[in-house]
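Start at 1 with the first residue, then count along the sequence. Basis for what follows: all heavy atoms, side chains included, without hydrogens, waters or symmetry-related copies.
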Amino acid sequence: ALPIWMDLTSTIMADCTFLEQSFSHFIPELAGSILSTTLAAIGLLVFDWRMALAALATGVIGNVIYYCMLIGRGEMMKEYMASNANMNATIVEYVNGMEVIKAFNQTASSMDRFQSSVLKVRDATTKWYRHCWPFMSISQAVLPSSIAFVLPVGMALFSGGAVSLSELILCILLSMAIVGSLQTFLDFWESTAVV
């Protein structure tokens, strides 16, 4: 078990980093992406609700796949946080006790403990990324493909005379704006999901 002050130090450092990222990056970018997505979706709904649903389908499918990644996250994150805290404690212990370590010729054993703690962090991180990678890859492939949903629906509506060419082009552009905003949201969510 870690000394309480080491655990507290690790927690404070992680929380400060999270707060800095949240206030300077995550909150402003998140607000902008939500506003952009909302305005683009309203614009699509104004022009044609069918193309709006087609455009939003990729966002829904991509996000469902992405959030499936969080299944089993709790245990893996506990393992990561514990191994990271252990590594930090080992570093602090090594630096603070350097003179004693050298005096009693314990450099090799101290380095072995440090190496072991680093390898545990590596293993926990690798385990998390192996779990995430398939979901992230599929989600990243689905999200930008709104045009694959909008274009067939739009062409069918255009062929039937339900929308004009200018409306079709505008709806395609708006659907691409939704994709960009959702991508921004996911990028920032991903950066905070590991904290």
Side-chain angles (χ1 to χ4, degrees), residues 14 17-81 122-195:
T17 301
F18 175 73
L19 287 173
E20 187 275 329
Q21 289 175 347
S22 296
F23 285 110
S24 63
H25 303 291
F26 182 67
I27 293 173
E29 292 288 340
L30 178 61
S33 66
I34 289 172
L35 182 62
S36 300
T37 302
T38 303
L39 292 175
I42 291 170
L44 273 169
L45 286 167
V46 167
F47 287 108
D48 192 275
W49 64 270
R50 292 158 291 193
M51 280 194 281
L53 289 179
L56 293 173
T58 56
V60 172
I61 295 168
N63 277 290
V64 167
I65 294 168
Y66 185 84
Y67 287 111
C68 285
M69 173 182 75
L70 299 180
I71 297 170
R73 172 180 181 259
E75 288 303 315
M76 282 185 274
M77 288 310 297
K78 284 179 185 175
E79 181 181 344
Y80 169 79
M81 293 303 287
R122 181 203 65 184
D123 292 343
T125 306
T126 303
K127 182 179 178 182
W128 170 244
Y129 280 116
R130 281 180 181 163
H131 170 76
C132 294
W133 190 250
F135 297 103
M136 290 173 63
S137 300
I138 296 168
S139 177
Q140 295 294 331
V142 170
L143 273 175
S145 62
S146 67
I147 196 167
F149 286 71
V150 174
L151 192 57
V153 173
M155 289 304 294
L157 293 170
F158 175 69
S159 299
V163 296
S164 65
L165 181 59
S166 60
E167 288 174 332
L168 173 60
I169 292 170
L170 184 59
C171 286
I172 289 171
L173 292 174
L174 285 171
S175 72
M176 293 170 71
I178 289 175
V179 167
S181 299
L182 285 173
Q183 188 63 54
T184 300
F185 172 78
L186 281 181
D187 288 343
F188 279 92
W189 182 262
E190 179 188 336
S191 70
T192 58
V194 295
V195 177

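With rounding to the nearest 0.5 Å, the separation of CG in L157 from CD in E167 is 10.0 Å. How far CG of L56 is from CE of M51: 12.5 Å, rounded to the nearest 0.5 Å. With rounding to the nearest 0.5 Å, the separation of CH2 in W128 from CE in M69 is 5.0 Å. Going from atom CG of L44 over to atom CD1 of I172 covers 10.5 Å, rounded to the nearest 0.5 Å. Interatomic distance, OG1 of T125 versus CD of E79, reported as 9.5 Å (0.5 Å rounding). F158 CZ to S166 OG: the interatomic distance, rounded to the nearest 0.5 Å, is 9.5 Å.
Side-chain atoms of H131 come within 3.5 Å of backbone N or O of I71 as a donor-acceptor pair. At least one donor-acceptor pair under 3.5 Å links the side chain of S137 to the backbone N or O of W133.
Under the 4.5 Å side-chain criterion, counting only non-hydrogen atoms from C-beta, F47 is not in contact with V163. For the pair K127/D123, no side-chain contact is recorded, criterion being any heavy-atom separation below 4.5 Å from C-beta on. With a 4.5 Å cut-off on side-chain heavy atoms, M155 and L168 count as touching. With a 4.5 Å cut-off on side-chain heavy atoms, F149 and I61 count as touching.
Between V150 and S175, the shortest heavy-atom distance links the atoms CG2-CB, 3.7 Å. Residue G62 comes nearest to V142 through the heavy atom pair N-CG1, 3.9 Å, listed as atom of the first residue, atom of the second, then distance.
Pairs passing the salt bridge (charged side-chain N to carboxylate O under 4.0 Å, His left out) check and including a residue from residues 30-50, sequence neighbours excluded, read D48-R50. The side-chain hydrogen bond (donor to acceptor under 3.5 Å, both in side chains) analysis of residues 142-159, with sequence neighbours excluded, yields no pairs.
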